[in-house]
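These numbers come from the heavy atoms of this one structure, side chains and all, not from hydrogens, waters or symmetry mates.
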Amino acid sequence: MNAPGVTAFAAGVNLGYDPSYDPHTGGRRGGVAHTTPERVGEILRRARDVASRIAGTSPATRQGWLTMIAESLRTHADELVQLAGEETGLGADRLRAELAKCATSTIFYGAVTAEGSYLDASTEGIGGNSTLARWNTPIGPVAVFGASNFPFGFGVIGHDVASALGAGCPVIVKAHPAHPRLSVRLAELVADALAAAGAPDESYALVVGFDAGLQLVDAAEVAAIAFTGSQGGGMALVERAAARGVPVFAEMGTVNPVFVTTAAAVDSAEIAAGFVGSFTLGAGQFCTKPGLLFAPAGAGIFDAVLAQLPQAPRAPLLTAGIARGYRAGLAGLAEAADASAEAATATATATGTATEPADDYAVDPQVFLVRLEDLHPGSRLLAECFGPVALVCEYENAGQALDALTRLQPSLVASVFTGGPADPESAEIVRRLLGQVGRVAVNAWPTGVATSWSMQHGGPWPATSRSDATSVGAGALGRFVRAVAVQNAEPAHLPAALHPDNPWRIPRRIDGRLTLPTPDFRLNLTKAKP
């Protein structure tokens, strides 16, 4: 999710269309015309005009919309996987799994919507005859800038789109230039599914092109922006939107650390195999890729990683530009680490595909051994290199290694491998890491992200632009609502969420006491698990 997916945005290039390329061959497969300013303006006006109507629909109604989208994704899975493979090179197995997870997540967000606790509805007496009512209301049209490396999970549909629709907001998505044909087809399916479910036509729209994206950022109609991609692209959006005070929920990512305790290092071969599998997953193009592993000196973990590395095949990155950036990043890492003699490059192995990746796109996995003293502010080692590369740092003293962790840029997630519940080092490591990251995975690799009630997928800046938000899980809806209150409200002033008969059947807090709508409330919670 940290791919330089807004390269065109940053450069200001407008070619009139987004060309489509196949990373396996480097060949071009047509392109998609950019949306005209007039059409973007029309889309924005229609989204603004329908926003209050969508906000007034019941959570159960919006759950139906999301369920219909998920069913359409499953119905068209073969077509979508083939199209995505032609534009991303990620492989059919990976894409099929991502699409299936996207459909499941979309249903989950529908269940979170219908459950209704995200509305945080409450009312109470505040003395005398005065009352106070408070609830969360949808903010209005949301612009979504998706990721190159998760075409189904974070794009034309996915976590940002599903959670915004669930929260009751119209959504306008910008097609990603790395997979424009897929973006258009996905948008057609989503729009058709929403229409079949009875949603207003203006609930969802797609725009294509750099200038169209700028128009969304600058438009008075847009109330919030969701972005997944590179730090440069995310901060460009944040700075531009700041001119009108619009929140940008940018998930950008940095270097995710892994800490191996002394007790855990006895399983060096297993840890090395897991590390290589995790940082080369999807050709290293995950925002949750583990980028820096701290291991006790003498445990042999670096040598074990070298032994595993040749098993990771040569693979294409998403675009030729990302591949060039990866190679430049490797050169910078080698210089910063002064470790050219200790760097290992995997030898390409069988890819399982009929064609070798195109040279402009294909890269080899690599790992560097670095010194603890090299990890200082401003070092290239502490900046992300997008692709299948990682660093190993061997430490003599666990306390010094923990001190080095505080010099890292904050990140989305970290992993800690321990010797079990009695490991004397683990509690302090987890405590330190929680000051630096949004999620700590204990005895697990960080690349897996569950769409669930308790997931936190975010982190302090510069991993994200909003450390108080999550782009995955039930909390994701909270980005697209804002709290309002009415004092001494009459019945006509209150939303359905606070009507006396509770027509939306949601949990509410009445005079400070949480009230549940029906005896089957907990059953509904259970059904909403992914």
Query raised in the report: Under the side-chain contact (heavy atoms from CB on, under 4.5 Å) criterion, do E79 and R185 qualify, and how do the steps go?
Result: CA-CA 10 Å; E79 172 197 357; R185 181 59 179 142; 2.6 Å; yes
Report task. Please assess V142 against I225 for the test side-chain contact (heavy atoms from CB on, under 4.5 Å), listing each intermediate value before the final yes or no. Result -> CA-CA 6 Å; V142 172; I225 297 166; over 6 Å; no
**Report entry** Evaluation steps, ring-ring contact (aromatic ring centres under 6.0 Å, His included), between F279 and F286
**Finding:** CA-CA 8 Å; F279 84 74; F286 275 47; over 10 Å; no
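No side-chain heavy atom of V32 sits less than 4.5 Å from a side-chain heavy atom of S183. A 4.5 Å side-chain heavy-atom check between L375 and L382 finds at least one atom pair inside the cut-off. By the 4.5 Å heavy-atom criterion applied to side chains, F249 and D160 are not counted as neighbours. Two residues are said to be in side-chain contact when any heavy atoms from C-beta on lie closer than 4.5 Å; I322 and S148 meet this criterion. Within the 4.5 Å cutoff, side-chain heavy atoms of L182 are placed close to those of F152.
Within the 3.5 Å criterion, the main-chain N or O of A47 finds no donor-acceptor partner in the side chain of E221. Side chain of Q456 to backbone of A469: a donor-acceptor contact under 3.5 angstrom is found. Side chain of T88 to main chain of L318: no donor-acceptor pair is present (N/O by atom type, distance under 3.5 Å, no hydrogens or angles). When atom types are taken as modelled, the side chain of R48 and the backbone of A220 share no donor-acceptor pair closer than 3.5 angstrom. Using modelled atom types, one side-chain atom of R479 and one backbone atom of A476 make a donor-acceptor pair closer than 3.5 Å. A donor-acceptor distance shorter than 3.5 angstrom exists from the side chain of Q285 to the backbone of G282, with no hydrogens or angles considered. Without hydrogens or angle criteria, S452 side chain to G473 main chain gives no donor-acceptor distance under 3.5 Å. For the pair Q436 (side chain) and L405 (backbone), a donor-acceptor distance under 3.5 Å is present. Using modelled atom types, no side-chain atom of S278 and backbone atom of F275 make a donor-acceptor pair closer than 3.5 Å. Of the possible donor and acceptor atoms, one in the side chain of E115 sits under 3.5 Å from a partner among the backbone N and O of S117.
Scanning both residues, V144 and G155, for their nearest heavy atoms gives CG1-O, 4.0 Å. The shortest non-hydrogen separation linking R62 to T113 is NH1-CG2, 3.8 Å. Summarising the geometry of A223 relative to I139, their closest heavy-atom pair is CB-O, 3.4 Å, with the distance given to 0.1 Å. The two residues T447 and P290 have their closest heavy-atom pair at CG2-CD, 4.1 Å. Of all the heavy atoms in V238 and S465, the pair that sits closest is CG2-CB, 3.8 Å. Smallest separation of non-hydrogen atoms from G140 and A51: CA-CB, 4.4 Å.
Applying the side chain to side chain contact (heavy atoms under 4.5 Å, CB included) test between L206 and each of V190, V184, T35 identifies V184 as the sole match.
The aromatic rings of F227 and F145 sit tilted relative to each other, their planes meeting at an angle between 30° and 60°.
Here E98 does not pair with K101 in a salt bridge; the nearest charged N to carboxylate O distance is not below 4.0 Å. Salt-bridge check for E42 with R39: passed, with a basic side-chain N closer than 4.0 Å to an acidic carboxylate O. Ion pairing between a basic and an acidic side chain is recognised when a charged N comes within 4.0 Å of a carboxylate O; D360 and R324 show no such pairing.
Side-chain N/O atoms of R181 and S20 include a donor and acceptor closer than 3.5 Å.
Atom CG of L165 is separated from atom OG1 of T106 by 9.5 Å, given to the nearest 0.5 angstrom. R74 contributes atom CZ, which lies 10.0 Å from atom SG of C102 (distance to the nearest 0.5 angstrom). Here L194 contributes atom CG and I69 contributes atom CD1; the two are 4.0 Å apart, rounded to the nearest 0.5 Å. Note: H179 NE2 to F150 CZ = 11.0 Å, rounded to the nearest 0.5 Å. Considering CZ of F368 and CG of L330, their distance stands at 5.5 Å, rounded to 0.5 Å.
For R431, the salt bridge (charged side-chain N to carboxylate O under 4.0 Å, His left out) partners two or more places apart in sequence, or in a different chain, are E428.
Here the two rings, on Y361 and H24, have centers that are 6.0 Å apart or farther.
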